[in-house]
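Below is one structure; the comments refer to it alone.
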Amino acid sequence: AALAKTKGQKAMVKEVQKNEVLQQPPNPFDLTSLQVEAYKCFRISPKSLLDIAQNLYISGLISYPRTSSQQLPPAIGYKKILQDLSGNSNYTKLCSELLGRGSLNPNNGSKTDPAHPAIYPTGVAPSGLSEQENKVYDLIVKRFMAVFAEPAVRLSVKVSIDVNKEIFIASGITTAKPGWHRFYEPYAKLKEEELPGV
């Protein structure tokens with residue numbers, strides 16, 4: 001019935017709605033969220049991830065991984081860690097940007113663990129890591145940097161199109177200001193659907 005009513009008819013744009021959405025930085029990793037992200041990004045199983053994280057911890061590269069906390073206390077020394085990480089050419093530019101902002105405030109989550117803080121890199125330079133260990137280490141470092149970055153701004157557009165009183169909807173979302181996405185590349189995988197101007 002809708003096809004019969006609209007076939008050969010003119011389509012008129014009835015309404016365009018644009019909304020800016022502030023997307024806060026991610027929370028620091030607890031073990032569960034690290035396992036989920038490592039599986040999503042690298043297809044590393046939760047059990048394998050735990051073994052890898054344990055090796056990184058024993059090597060002094062990350063904090064204790066078996067934690068349910070999503071909070072980074074100031075006592076760990078955010079500035080010192082970022083300064084140490086900036087010695088790695090992969091992170092120099094982003095660390096310098098964060099250090100130049102003055103105050104460092106992580107976007108802490110609600111989950112706490114009285115025994116251990118969220119997972120974070122210690123700043124010790126890695127060497128001799130396997131391919132998977134290197135991937136997980138990079139994921140942890142980039143998540144650590146991202147939690148201190150600015151929110152991202154996403155622009156959602158919804159277009160209502162009137163074809164002989166049948167309303168069709170076209171919607172899309174794009175990143176207007178990347179904010180923390182830049183610090184979490186290539187792991188911030190977000191849908192980008194740009195609509196033409198109407």
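The model shown is predicted, which means the values in this text are computed figures rather than measured ones.
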Measure from the side-chain N and O atoms of Gln70 to the backbone N and O of Gly109, and report whether any donor-acceptor pair falls under 3.5 Å.
no
My understanding is that only residues two or more places apart in sequence, or in another chain, count here; which of them pass side chain to side chain donor-acceptor pair (under 3.5 Å) with Asn27?
none
Check whether any side-chain heavy atom of Pro186 sits under 4.5 Å from a side-chain heavy atom of Lys142, and report yes or no.
yes
Would you say the side chain of Leu139 lies within less than 4.5 Å of the side chain of Phe42, judging by non-hydrogen atoms?
yes
Closer than 3.5 angstrom, by distance alone: can the side chain of Ser68 be matched with the main-chain N or O of Asp113 as a donor-acceptor pair?
no
Heavy atoms of Gly60 and Thr122 approach each other most closely as O-OG1, 2.6 Å
CG of Asn134 to OG of Ser127: how many Å apart, nearest 0.5 Å?
11.0 Å
Any chance you could pull the hydrophobic cluster mates of Ile167, using side-chain heavy atoms under 4.5 angstrom and chaining through other members?
Ile169
Test item: Ser69 side-chain N/O and Gln71 main-chain N/O as donor-acceptor pair under 3.5 Å:
yes
List in chain and number order the residues that pass ring pair (Phe, Tyr, Trp, His ring centres under 6.0 Å) with Phe148, two or more places apart in sequence or in another chain; answer none if no residue qualifies.
Tyr78, Phe144
Got a sec, which residues hit side chain to side chain donor-acceptor pair (under 3.5 Å) with Tyr91, two or more places apart in sequence or on another chain?
Asp138
Contacts of Lys189 that satisfy salt bridge (charged side-chain N to carboxylate O under 4.0 Å, His left out) - sequence neighbours left out:
none
Drop me the distance from Leu82's CG to Leu104's CG, to the nearest 0.5 angstrom.
6.0 Å
Write down the atom of Pro151, the atom of Pro25, and the distance for their closest heavy-atom approach.
CA-CD, 4.1 Å
I'd like to know if the side chain of Arg43 and the backbone of Tyr39 have a donor-acceptor N/O pair within less than 3.5 Å.
yes
Is the shortest side-chain N to carboxylate O distance from Arg101 to Glu97 below 4.0 Å?
no
Is it the case that more than 12 heavy atoms not belonging to Glu166 sit under 6.0 Å from its CD atom?
yes
Residue pair Gln54 / Pro65, side-chain heavy-atom distance below 4.5 Å
yes
How would you list all residue pairs meeting side-chain hydrogen bond (donor to acceptor under 3.5 Å, both in side chains) that involve residues 13-25, not counting sequence neighbours?
Gln23-His181
Val141, Asn55, Ile140 screened by side chain to side chain contact (heavy atoms under 4.5 Å, CB included) with Ile62, the one that passes
Ile140
Test item: Leu129 and Leu61 side chains (from C-beta on) under 4.5 Å apart, heavy atoms:
yes
Ile173: which other cluster members, linking ILVMFWY side chains closer than 4.5 Å, directly or transitively?
none
Test: ring pair (Phe, Tyr, Trp, His ring centres under 6.0 Å). Region: residues 14-34. Which pairs qualify, not counting sequence neighbours?
none
Just by distance, do the side chain of Gln9 and the backbone of Thr6 share a donor-acceptor pair under 3.5 Å?
no
Taking only residues two or more places apart in sequence or in another chain, which ones pass side chain to side chain donor-acceptor pair (under 3.5 Å) with Ser45?
Ser48
Which ILVMFWY residues can you reach from Val198 by hopping between side chains whose heavy atoms are under 4.5 Å apart?
Val13, Val16, Leu155, Val157, Val159, Ile161, Val163, Phe168, Leu195
Any residue meeting side chain to side chain donor-acceptor pair (under 3.5 Å) with Lys79, in chain and number order, not counting sequence neighbours:
none
Lys111 and side-chain hydrogen bond (donor to acceptor under 3.5 Å, both in side chains): which partner among Thr67, Thr32, Asp30?
Asp30
For Glu150, is there an ion pair with Arg182 - N to carboxylate O distance below 4.0 angstrom?
no
State, to 0.1 Å, how close Thr92 and Ser89 come at their nearest heavy-atom pair, and which atoms those are.
OG1-CA, 3.3 Å
From the options Leu34, Leu50, Asp51, Leu49, select the one residue that forms a side chain to side chain contact (heavy atoms under 4.5 Å, CB included) with Ile44.
Leu49
Interatomic distance, OG@Ser96 vs CG@Leu85, rounded to 0.5 Å, equals 11.0 Å
Between the side chain of Asp84 and the main-chain N/O of Gly123, is any donor-acceptor distance below 3.5 Å?
no
Any chain of hydrophobic side-chain contacts (each under 4.5 Å) joining Phe183 to Leu190?
no
Taking Glu133's backbone N and O only, do any of them form a donor-acceptor pair with Ser130's side chain (distance below 3.5 Å, no angle check)?
yes
Ser86 side chain to Gln83 backbone, donor-acceptor under 3.5 Å:
yes
Side chain of Lys177, backbone of Arg154: donor and acceptor closer than 3.5 Å?
no
Lys40, NZ atom: more than 12 neighbouring heavy atoms under 6.0 Å
no
Determine which pairs satisfy ring pair (Phe, Tyr, Trp, His ring centres under 6.0 Å) with at least one residue from residues 93-140, sequence neighbours left out, and list them in order.
Tyr64-His116
Which atom of Tyr184 lies closest to which atom of Ala146, heavy atoms considered
CB-CB, 4.0 Å
Using the rule that Ile, Leu, Val, Met, Phe, Trp and Tyr join whenever any side-chain heavy atoms are under 4.5 Å apart, tell me whether Leu31 and Ile76 fall into a single cluster.
yes
Any donor-acceptor N or O pair under 3.5 Å, side chains Thr174, Glu193
no
Find the distance between CZ (Arg66) and CD1 (Ile119) and round it off to the nearest 0.5 Å.
11.0 Å
Under 6.0 Å from the CD atom of Glu192, do we count more than 12 heavy atoms belonging to anything else shown?
yes
